[in-house]
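Computation of the quantities below employed the complete heavy-atom set of this structure, encompassing side-chain atoms and omitting hydrogens, waters and symmetry-equivalent molecules. This structure is a prediction, so every number in the text was calculated from the model and none was measured.
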Amino acid sequence: MIRQAIAGNRDIAELMTAGLRGERALDAADQLRLEQMLAEYAWAAFHIWDRTQRGVFPKGTFEATCGPLLCDVLRTARGGTWWSSAKHTGFIPGFILDVDTVLARNSGVPVVVNEDTHES
């Protein structure tokens, strides 16, 4: 649904591109729209992550598919700001750890993984 909205509506595509990069000021309504789009994007990625954890998808599916795509969005100016606050209110620790690991893996920052935070 997110991809369809972006592909079919130029205003949403502009909000996602210019908004994520911080290229334009956002009023309260556009800020809310952007945050909701980010939440939907992350929630969709969570479902792939969860199914990978449960063995529905092969191990490594999240890290090879939607994890890097989600991280591309989270590496933007506003995407990163959103993730810094949203990850502690709407997602479980194992997902947060794996997203942060994928983010760090492609940024050159050393990654410390604590397996105890993963849900079984």
List for me each residue that meets side-chain contact (heavy atoms from CB on, under 4.5 Å) alongside Arg51, sequence neighbours excluded, and say none if there are none. His47, Val56, Phe57
Consider only side-chain heavy atoms of I, L, V, M, F, W and Y, link residues closer than 4.5 Å, and tell whether Leu38 and Leu32 are in one cluster. no
For Glu63, check side chain to side chain donor-acceptor pair (under 3.5 Å) against everything at least two apart and list the hits. none
Let me have the donor-acceptor pairs involving side chains of residues 85-94, under 3.5 Å, with sequence neighbours excluded, atom names and distances please.
| unit_1 | atom_1 | unit_2 | atom_2 | d |
| --- | --- | --- | --- | --- |
| Ser85 | OG | Trp82 | O | 3.2 |
| Lys87 | NZ | Asp100 | OD1 | 3.4 |
| Lys87 | NZ | Asp100 | OD2 | 2.8 |
| Thr89 | OG1 | Ala86 | O | 3.2 |

Report the residues that fulfil side chain to side chain donor-acceptor pair (under 3.5 Å) with Arg78, sequence neighbours left out, ordered by chain and then residue number. none
Going by side-chain contact (heavy atoms from CB on, under 4.5 Å), name the residues that satisfy it together with Cys66, two or more places apart in sequence or in a different chain. Ala45, Ile48, Phe62
Could you state the interatomic distance from CD1 (Ile12) to CG (Leu34), rounded to the nearest 0.5 Å? 11.5 Å
Tell me the closest heavy-atom pair linking Thr52 and Pro58, and the distance in Å. CG2-O, 3.5 Å
Rounded to the nearest 0.5 angstrom, the CZ-CG distance for Phe46 and Asp98 is 11.0 Å
Residues in side chain to side chain donor-acceptor pair (under 3.5 Å) contact with Arg21, at least two apart in sequence or another chain: Glu23
Can Leu103 and Leu70 be said to form a side chain to side chain contact (heavy atoms under 4.5 Å, CB included), step by step? CA-CA 9 Å; Leu103 278 165; Leu70 173 62; over 6 Å; no
The salt bridge (charged side-chain N to carboxylate O under 4.0 Å, His left out) partners of Asp30 (sequence neighbours excluded) come to Arg24, Arg33
Indicate yes or no for a side-chain donor-acceptor contact from Thr76 to the backbone of Asp72 under 3.5 Å, with no hydrogens or angles considered. no
Supply the atom-to-atom distance Lys59 NZ to Gln53 CD, rounded to the nearest 0.5 angstrom. 8.5 Å
Gap separating the OH atom of Tyr41 from the CG atom of Leu20, nearest 0.5 angstrom: 9.5 Å
Do Gln36 and Glu40 meet the criterion of a side-chain donor-acceptor pair at a distance under 3.5 Å? no
